[in-house]
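Notes follow the structure.
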Amino acid sequence: MTDPRRTRLLNNCQESNGPVIYWMSRDQRVRCNWALLFALQKAESLQQPLIVLFTLAPSFLQAPLRHYEFMLKGLQEVEATLCSLNIPFCILQGEPENELPRFAQKMKAGVVVTDYSPLKISRRWKKSVAGQLQVPLYEVDAHNIVPCWIASGKQEYSARTFRPKVNALLAEFLTEFHDIKPRSVSAELKPVDWNRIVQSLKADPALMPGEKAAANCLETFLVSRLASYAEQRNDPNAGAVSTLSPYLHFGQISAQFTALQTAKSNAPEIDRKAFLEELIVRRELSDNYCCYNDHYDSFEGLPSWAKVSLSSHSGDPREYIYTPEEFETAATHERLWNAAQLELVKTGKIHGYMRMYWAKKILEWSETPEQAFITAISLNDRYALDGRDPNGYTGVAWSIGGLHDRPWFERPVYGKIRYMNASGCARKFDIARYIARCEENDLFSP
DNA sequence: ATCGGCTCGCGCAA
DNA sequence: TGCGCGAAGCCGAT
């Protein structure tokens with residue numbers, strides 16, 4: 001049974017007699033998906049078929065082929081798994097605000113269910129769809145362990161203020177999932193014509209997409225790397241991190257399932273705690289920021305002490321100034337920074353510690369902090385497999401804009417924003433080895 | 001190797 | 001109104 005606090009009704013329409021549609025968006029998986037479970041529950045109580053629908057918006061077509069393939073491969077697996085459960089799946093291409101109401105009408109849908117995202121584009125789509133539908137539109141937070149609006153009703157100042165709220169609710173929300181039984185009633189739908197959606201899909205051997213690959217990735221991490229997580233997570237050469245973020249971003253793995261499995265692992269407590277802090281507190285804090293601050297993707301959204309401080313230093317002379325193109329092509333004077341950019345471009349991922357360093361140097365070497373923000377967001381959105389995600393926006397705001405952080409002593413360009421430099425990296429890990437690995441032609445084995 | 005200071009404001013205790 | 005303390009650090013002193 002889905003906790004009713006996970007679910008919100010987005011319009012005031014009455015249920016009618018017809019199939020239940022789950023409009024899958026952020027949570028692209030069958031297992032451990034509260035939105036799918038809620039839709040199933042509705043379908044069962046109304047004795048109606050369930051249809052899962054994915055809308056492929058044209059705006060996503062600008063994403064690099066790697067991202068597109070990663071997502072579509074994952075969706076092919078979703079289709080196959082749903083098929084084995086006797087649940088039809090279909091993909092519509094076009095703007096969701098046009099396609100979804102049209103589809104709901106065509107299928108004579110009785111209820112529509114969707115998953116939750118705090119991003120503006122998603123909120124805009126849902127608002128429009130909720131207004132057009134003649135039937136209820138439910139939104140289910142299937143991404144967070146504690147539903148974003150239950151964890152806190154306002155923008156949190158820092159992890160310190162958010163942590164006790166989330167942790168106190170874990171006893172209620174960090175619960176086990178149950179399996180889905182195959183459906184007996186089904187709606188007839190044509191299978192997805194994958195050839196029409198993309199010419200050829202080839203898997204990226206460095207990073208296999210999909211729910212099964214995500215589950216394997218988690219399993220490997222828990223068995224072989226979690227035990228050194230606390231000590232080695234800030235060493236990009238150690239390969240101690242989970243590498244789950246692309247799967248989490250596309251919803252190919254559930255954060256809640258990940259947390260449950262982590263808690264059960266026999267790694268030392270210090271490592272489990274360190275990983276759960278990142279997985280739960282910091283990840284869900286980024287949804288909180290995007291949910292309650294409309295300017296999450298720009299300088300405007302930053303805390304006022306940071307804006308004041310950065311602005312008062314925006315006229316400071318910069319030792320180096322690069323254009324967005326120079327950043328993009330890894331053409332700065334510093335091999336370490338260029339290596340991080342190469343890692344991002346070649347693999348679609350950037351190590352957590354290096355992502356902070358990478359963003360802070362963009363601040364240091366841009367004409368203005370506003371421009372730095374734009375450059376960092378657009379590079380991350382374009383190249384990171386977990387781009388266009390609350391984590392990315394919040395991470396850039398933390399690095400460049402002191403979000404959720406405290407002020408530190410004042411220095412040129414940075415103002416009171418926490419400073420990082422290459423000697424800090426050198427103290428923590430072997431810089432030369434990191435550079436060599438990033439400059440290699442075929443990335444990437446730790 | 002380790003430690004304190006840097007600096008602001010939230011949230012709670014009083 | 002006062003006080004403790006904080007998402008990942010740096011720097012200089014010991």
Side-chain angles (χ1 to χ4, degrees), chain A residues 144 151-168 228-238 240-243 245 248 255 270-290 292-293 296 301-313 319 336-337 340 349-364 376 380 386 389-429 431 434:
Chain A
N144 293 296
S152 171
K154 60 168 191 167
Q155 182 186 328
E156 290 295 330
Y157 184 75
S158 67
R160 170 172 60 95
T161 62
F162 187 61
R163 187 179 298 111
K165 298 184 183 180
V166 164
N167 285 342
S228 56
Y229 186 79
E231 201 194 311
Q232 298 195 58
R233 73 194 144 120
N234 282 342
D235 178 350
N237 296 321
V241 292
S242 76
T243 69
S245 57
L248 286 165
I270 188 173
D271 299 296
R272 279 183 281 131
K273 273 185 80 171
F275 181 63
L276 287 173
E277 164 76 12
E278 307 231 351
L279 178 74
I280 303 176
V281 177
R282 298 190 197 173
R283 201 183 46 82
E284 304 204 352
L285 180 59
S286 69
D287 260 37
N288 171 275
Y289 180 56
C290 296
Y292 296 112
N293 191 322
Y296 58 75
L302 301 178
S304 55
W305 66 264
K307 279 193 285 195
V308 167
S309 182
L310 283 170
S311 296
S312 76
H313 286 272
E319 204 174 341
L336 178 60
W337 191 91
K349 294 188 283 186
I350 186 163
H351 188 279
Y353 185 82
M354 286 309 294
R355 182 154 55 186
M356 297 189 283
Y357 180 80
W358 172 87
K360 283 183 184 289
K361 292 295 139 179
I362 294 177
L363 170 64
E364 193 175 325
N380 191 61
D386 60 347
D389 187 281
N391 280 322
Y393 300 121
T394 306
V396 169
W398 180 86
S399 303
I400 291 182
L403 176 75
H404 301 149
D405 202 8
R406 55 191 274 206
W408 299 83
F409 88 101
E410 204 158 357
R411 64 171 64 233
V413 184
Y414 283 79
K416 291 168 182 168
I417 303 301
R418 183 193 296 257
Y419 176 66
M420 283 176 80
N421 63 9
S423 49
C425 297
R427 238 177 285 127
K428 290 184 175 60
F429 62 91
I431 288 183
Y434 175 72

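What you are looking at is a predicted structure, and each value in this text was computed from that prediction instead of being measured. Residue numbering restarts at 1 for every chain, and letters A, B, ... go by the order of the sequence lines.
- The separation of B/dC10 from C/dG9, taken at their P atoms, amounts to 24 Å, rounded to a whole angstrom.
- For C/dT14, the paired nucleotide is B/dA1, the pair qualifying as Watson-Crick or G-U wobble because both relevant distances are below 3.5 Å.
- For the atom pair CG (A/Asn391) and CG (A/Asp386), the distance works out to 7.0 Å, reported to the nearest 0.5 Å.
- Spacing of P atoms, B/dT2 relative to C/dA7, comes out at 23 Å, to the nearest Å.
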Stepwise side-chain hydrogen bond (donor to acceptor under 3.5 Å, both in side chains) check, A/Asn293 with A/Gln155: CA-CA 7 Å; A/Asn293 191 322; A/Gln155 182 186 328; 3.1 Å; yes
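- Atom CZ of A/Arg355 and atom P of C/dA7 are 18 Å apart (whole Å).
- Rounded to whole Å, atom P of C/dC10 lies 9 Å from atom CZ of A/Arg418.
- Note on A/Arg163: only backbone sugar-phosphate atoms sit closer than 4.0 angstrom, heavy atoms only; bases stay farther off.
- Pairing for C/dA7 is absent, with no Watson-Crick or G-U wobble pair whose two atom distances lie under 3.5 Å.
- Heavy atoms of A/Ser286 sit nowhere under 4.0 angstrom from any nucleic acid atom.
- One can place NZ of A/Lys307 at 13 Å from P of B/dG9, the figure rounded to the nearest angstrom.
- When the C1' atom of B/dC10 is taken as reference, atom NE2 of A/His404 falls 13 Å away, rounded to whole Å.
- Contact check, A/Lys416 against B/dC6: no side-chain N or O comes under 4.0 Å of OP1 or OP2.
- OP1 or OP2 of B/dG11 lies within a sub-4.0 Å distance of a side-chain N or O belonging to A/Lys154.
- Within the 4.0 Å cut-off from OP1 or OP2 of C/dG9, not a single side-chain nitrogen or oxygen of A/Arg406 is found.
- Of the candidates B/dC8, C/dG9, C/dC11, the closest approach to any side-chain atom of A/Pro407 belongs to B/dC8.
- Atom name P, nucleotides B/dA1 and C/dA8: the rounded distance is 23 Å, in whole Å.
- For the pair A/Lys360 and A/Trp398, the cation-pi test (distance below 6.0 Å, angle within 45°) is passed.
- An OP1 or OP2 oxygen of B/dC6 is reached within less than 4.0 angstrom by no side-chain nitrogen or oxygen of A/Arg411.
- Between B/dC8, B/dC10, C/dC11, one nucleotide has an atom nearer to the side chain of A/Trp305 than all others, and that is B/dC8.
- The side chain of A/Tyr157 lies closest to B/dC10, out of B/dT7, B/dC10, C/dA7.
- Under the 6.0 Å cut-off for aromatic ring centres, A/Tyr296 and A/Tyr289 do not qualify, their centroids lying 6.0 Å or more apart.
- The CD1 atom of A/Ile280 sits 16 Å away from the P atom of C/dA7 (whole-angstrom rounding).
- In this model, the phosphate group of B/dG9 is not approached by any side-chain N or O of A/Ser158 to a distance below 4.0 Å at OP1 or OP2.
- The OG atom of A/Ser399 sits 9.0 Å away from the CG atom of A/Asp405 when rounded to the nearest 0.5 Å.
- Using a 4.0 Å heavy-atom criterion, one finds that A/Trp398 contacts the bases of the nucleic acid, with or without backbone contacts as well.
- The separation of C/dG12 from B/dT7, taken at their P atoms, amounts to 15 Å, rounded to a whole angstrom.
- Between A/Tyr414 atom OH and C/dG9 atom P the separation is 14 Å, expressed in whole Å.
- Following rounding to the nearest Å, A/Glu364 (CD) and C/dC10 (C1') show an atom-to-atom distance of 13 Å.
- The cationic atom of A/Arg355 (NZ for Lys, CZ for Arg) does not lie both less than 6.0 Å from the six-membered ring centre of A/Tyr353 and within 45° of the ring axis.
- For C/dG9, one of the phosphate oxygens OP1 or OP2 lies less than 4.0 angstrom from a side-chain nitrogen or oxygen of A/Lys428.
- For the pair A/Leu302 CG and B/dC8 C1', the interatomic distance rounds to 15 Å; values are reported in whole Å.
- Nucleotides B/dA14 and C/dC5 place their P atoms 14 Å apart, quoted to the nearest Å.
- Ranking C/dA8, C/dG4, B/dC8 by closeness to the A/Asp405 side chain, first place goes to C/dA8.
- One finds no side-chain N or O of A/Asn234 lying less than 4.0 angstrom from the OP1 or OP2 phosphate oxygen of C/dA8.
- Ion pairing between a basic and an acidic side chain is recognised when a charged N comes within 4.0 Å of a carboxylate O; A/Arg283 and A/Glu278 show no such pairing.
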